[in-house]
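Side chains are part of it too, since the values below use all heavy atoms of this structure and drop only hydrogens, waters and symmetry mates.
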Amino acid sequence: VSALVATAKADGRATTKALRDELRTYGNANGTTKLKALIASLPKVGRTGADGERIPHLDANGGPVGAPSVSQQTQEMAMADLSPDARKEYEKIRATVAANRGANGVVKGY
């Protein structure tokens with residue numbers, strides 16, 4: 001149990017002493033199999049790599065690294081009710097508009 005908790009601490013899943021104490025208590029009461037499952041469900045909050053380099057958890061806009069931007073999420077929500085044919089038509093129009101966009105961001109021909 002102690003080795004699992006130590007591994008969880010090193011992985012950034014058990015960051016506080018109180019949480020590690022709770023994990024030890026849980027592991028002693030329920031066994032290592034259930035403790036492993038619980039530790040696997042905990043978020044990984046560590047922001048340093050194995051060599052000590054800092055790993056950013058937020059991008060330049062303040063969103064989680066790797067997550068779609070707010071505008072992309074909004075667009076996906078708006079397109080959620082579209083049929084596959086309507087979605088293809090939208091993507092075709094969007095590609096045409098992107099191809100006709102000038103260097104200053106203005107769409108030619110509109």
Asker: Could you give me the CA-CA distance, side-chain angles and deciding distance for Q75 and R94, then say whether side-chain contact (heavy atoms from CB on, under 4.5 Å) is met?
Answerer: CA-CA 12 Å; Q75 180 181 5; R94 185 169 176 211; 2.9 Å; yes

Asker: Could you report the tightest heavy-atom contact between L19 and A14, atom names first, then the distance?
Answerer: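 Nearest pair, atom of L19 first, then A14: CD2-CA, 3.7 Å.
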
Asker: Should side-chain heavy atoms under 4.5 Å link Ile, Leu, Val, Met, Phe, Trp and Tyr, which residues sit in the same cluster as L82?
Answerer: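 Besides L82, the cluster holds M79, Y90.
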
Asker: If a pair satisfies salt bridge (charged side-chain N to carboxylate O under 4.0 Å, His left out) and one of its residues is in residues 66-88, list it, with sequence neighbours excluded.
Answerer: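 For residues 66-88, and leaving out neighbouring residues, the salt bridge (charged side-chain N to carboxylate O under 4.0 Å, His left out) pairs sorted by first residue read E76-R87.
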
Asker: Sequence neighbours left out, what passes salt bridge (charged side-chain N to carboxylate O under 4.0 Å, His left out) with R24? Give chain and number order.
Answerer: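 Salt bridge (charged side-chain N to carboxylate O under 4.0 Å, His left out) list for R24, sorted by chain: D21.
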
Asker: By the side-chain hydrogen bond (donor to acceptor under 3.5 Å, both in side chains) test, which pairs, at least two apart or in different chains, include something from residues 30-41?
Answerer: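 Residue pairs with at least one partner in residues 30-41: there are none.
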
Asker: How would you list, by chain and number, every residue that makes a side-chain contact (heavy atoms from CB on, under 4.5 Å) with E89, sequence neighbours excluded?
Answerer: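 E89 satisfies side-chain contact (heavy atoms from CB on, under 4.5 Å) with K92, I93 only.
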
Asker: Could you tell me which residues satisfy side chain to side chain donor-acceptor pair (under 3.5 Å) with S71, sequence neighbours excluded, listed by chain and number?
Answerer: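 S71 satisfies side chain to side chain donor-acceptor pair (under 3.5 Å) with S69 only.
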
Asker: Using side-chain heavy atoms (C-beta onward) and a distance below 4.5 Å, is L23 in contact with L42?
Answerer: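 Yes; the side chains approach each other to less than 4.5 Å.
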
Asker: Within this structure, what is the CZ-OG1 distance for the pair R20 and T15, rounded to the nearest 0.5 Å?
Answerer: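 These two atoms lie 7.5 Å from each other.
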
Asker: Looking only at non-hydrogen atoms, find the nearest pair between A8 and I39 and report the distance.
Answerer: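 For A8 and I39, the tightest heavy-atom pair comes out as CB-CG2, 3.7 Å.
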
Asker: Of the non-hydrogen atoms in Y26 and L38, which two are nearest, and what is the gap between them?
Answerer: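 Minimum heavy-atom contact is CD2-CD2, 3.7 Å.
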
